[in-house]
Chemist: 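Just dropping this structure here.
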Amino acid sequence: QVQLVESGGGLVQAGDSLRLSCTASGRTNIQYLMAWFRQAPGKEREFVAVIDWYGATTTYADSVKGRFVISRYNLKNTVYLQMSGLQPEDTAVYYCAAGLIGSSSQRDYDYWGQGTQVTVSS
């Protein structure tokens, strides 16, 4: 079992930056890929970014490419999402997830955090 805890969400203004963190505990010796998803009010959860175990390969949703950066620090069992140029449409609950298949599909992830709220005002 792996437990994931997100932090770093908050209320910011358009154009601001924010860094989310997700710390894993439990069976962290397994080389999970880590991803961020988000869910806006009234919308389905959507893929944001994924990073492999080594931090060498990343993939982003088109909507965040060039603005968000995913990274990880395995010694701290933590994955980050650095968000820049935030816009009101980025408002959502952001979830981190762990899995063995690095895809954009929620079904490929075995463990999920509880989410952290990001609100961007215009």
Side-chain angles (χ1 to χ4, degrees):
Q1 290 285 339
V2 175
Q3 294 78 42
L4 302 174
V5 179
E6 302 98 334
S7 61
L11 172 63
V12 297
Q13 293 186 335
D16 284 351
S17 299
L18 201 61
R19 189 178 79 161
L20 305 182
S21 300
C22 172
T23 300
S25 60
R27 295 189 65 185
T28 58
N29 58 312
I30 297 176
Q31 297 184 353
Y32 288 108
L33 292 94
M34 298 296 295
W36 288 95
F37 287 77
R38 67 185 182 185
Q39 187 167 20
K43 295 187 177 181
E44 294 187 353
R45 192 176 300 186
E46 66 175 5
F47 168 77
V48 175
V50 62
I51 188 168
D52 71 351
W53 168 259
Y54 301 99
T57 302
T58 57
T59 304
Y60 297 91
D62 287 343
S63 59
V64 306
K65 203 172 293 183
R67 298 188 300 124
F68 291 10
V69 177
I70 188 171
S71 61
R72 66 189 298 166
Y73 187 35
N74 290 339
L75 289 179
K76 290 190 174 182
N77 298 318
T78 300
V79 62
Y80 304 97
L81 186 68
Q82 179 67 48
M83 305 184 292
S84 303
L86 284 162
Q87 298 300 317
E89 52 266 35
D90 294 315
T91 294
V93 177
Y94 283 72
Y95 299 89
C96 71
L100 297 176
I101 300 174
S103 80
S104 60
S105 173
Q106 300 179 54
R107 290 172 289 186
D108 288 332
Y109 293 88
D110 303 308
Y111 302 101
W112 292 82
Q114 83 290 348
T116 185
Q117 176 71 48
V118 173
T119 303
V120 185
S121 63
S122 57

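No hydrogens, no waters, no symmetry mates; every other heavy atom, side chains included, goes into these values. Just so it is clear, the structure is predicted and the values come from calculations on it, not from any experiment.
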Chemist: Return the CG to CH2 distance between Asp110 and Trp112, rounded to the nearest 0.5 Å.
Modeler: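 Separation between the atoms: 10.0 Å.
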
Chemist: Between atom CG of Leu86 and atom CD of Gln13, what is the distance when rounded to the nearest 0.5 Å?
Modeler: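 One finds 11.5 Å between CG of Leu86 and CD of Gln13.
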
Chemist: Tell me whether Gln31 at atom CD has more than 12 heavy atoms from other residues, nucleotides or ligands lying less than 6.0 Å away.
Modeler: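 More than 12 within 6.0 Å, yes.
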
Chemist: If we ignore hydrogens and angles and just use 3.5 Å, is the side chain of Ser25 paired with the main-chain N or O of Val2 as donor and acceptor?
Modeler: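 Here the side-chain-to-backbone pair does not exist.
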
Chemist: Once rounded to the nearest 0.5 Å, what's the spacing between atom OH of Tyr111 and atom CZ of Arg27?
Modeler: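 With rounding to 0.5 Å, OH (Tyr111) is 6.5 Å from CZ (Arg27).
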
Chemist: Quick check: do Met83 and Val118 have side-chain heavy atoms less than 4.5 Å from each other?
Modeler: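 Heavy-atom side-chain distance check passes, below 4.5 Å.
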
Chemist: Is a side-chain donor or acceptor of Tyr109 paired with a backbone partner of Ser103 at a separation under 3.5 angstrom?
Modeler: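 Yes, Tyr109 side chain to Ser103 backbone: donor-acceptor pair under 3.5 Å.
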
Chemist: Hey, what do you get for OG (Ser84) to CG (Asp16), rounding to the nearest 0.5 Å?
Modeler: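 These two atoms lie 10.0 Å from each other.
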
Chemist: Is there a donor-acceptor pair closer than 3.5 Å between any side-chain N or O of Asp52 and the backbone N or O of Gly55?
Modeler: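 At least one qualifying donor-acceptor pair exists.
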
Chemist: Quick one: does Gln106's side chain get under 4.5 Å of Tyr95's, heavy atoms only?
Modeler: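 Not touching, per the 4.5 Å side-chain cut-off.
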
Chemist: Going by the angle between their ring planes, with limits at 30° and 60°, are Phe37 and Phe47 parallel, tilted or perpendicular?
Modeler: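 Rings of Phe37 and Phe47: perpendicular, over 60°.
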
Chemist: Can you name the nearest heavy-atom pair linking Leu4 to Ala24, along with the distance?
Modeler: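 For Leu4 and Ala24, the tightest heavy-atom pair comes out as CD2-CB, 3.6 Å.
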
Chemist: Is there a donor-acceptor contact under 3.5 Å linking the side chains of Thr91 and Thr119?
Modeler: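 Note: Thr91 and Thr119 side chains miss the donor-acceptor criterion.
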
Chemist: So do Trp36 and Val79 actually touch side chain to side chain, heavy atoms under 4.5 Å?
Modeler: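 Yes - at least one pair of side-chain heavy atoms lies under 4.5 Å apart.
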
Chemist: Looking only at atom types and distance, does a side-chain atom of Arg72 sit under 3.5 Å from a main-chain N or O of Leu33, one as donor and one as acceptor?
Modeler: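 Pair absent, no side-chain N/O of Arg72 close to backbone of Leu33.
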
Chemist: Taking atom NZ of Lys65 as the centre, does the number of heavy atoms from other residues, nucleotides or ligands within less than 6.0 Å exceed 12?
Modeler: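 Above 12, so yes.
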
Chemist: Can any side-chain N or O of Gln87 pair as donor or acceptor with the backbone N or O of Ala14 at less than 3.5 Å?
Modeler: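 No, Gln87 side chain to Ala14 backbone: no donor-acceptor pair under 3.5 Å.
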
Chemist: Could you check whether any side-chain heavy atom of Ile70 comes within less than 4.5 Å of a side-chain heavy atom of Tyr80, counting everything from C-beta outward?
Modeler: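 Not touching, per the 4.5 Å side-chain cut-off.
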
Chemist: Measure across Gly8 and Leu18 and return the closest heavy-atom pair with its distance rounded to 0.1 Å.
Modeler: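 Gly8 and Leu18 have their closest heavy atoms at O-CG, 3.5 Å.
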
Chemist: With side chains defined as the heavy atoms from C-beta onward, is the minimum distance between Ser63 and Arg38 less than 4.5 Å?
Modeler: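 Counting from C-beta outward, Ser63 and Arg38 do come under 4.5 Å.
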
Chemist: Give me the atom names and distance for the closest heavy-atom approach of Asp90 to Arg67.
Modeler: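 For Asp90 versus Arg67, the nearest heavy atoms are OD2-NH1, 2.8 Å.
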
Chemist: Say whether, by atom type as modelled, one donor and one acceptor occur between the side chain of Glu6 and the main chain of Gly115 under 3.5 angstrom.
Modeler: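 It does hold such a pair.
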
Chemist: Measure the shortest side-chain to side-chain distance between Val69 and Tyr60 over non-hydrogen atoms and say whether it is less than 4.5 angstrom.
Modeler: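 Counting from C-beta outward, Val69 and Tyr60 do come under 4.5 Å.
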
Chemist: Which atom pair, heavy atoms only, marks the closest approach of Met34 to Cys22?
Modeler: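 Minimum heavy-atom contact is CE-SG, 4.2 Å.
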
Chemist: Angle between ring planes, Phe68 versus Tyr94, binned at 30° and 60°: parallel, tilted or perpendicular?
Modeler: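 If you compare the ring of Phe68 with that of Tyr94, the planes turn out tilted.
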
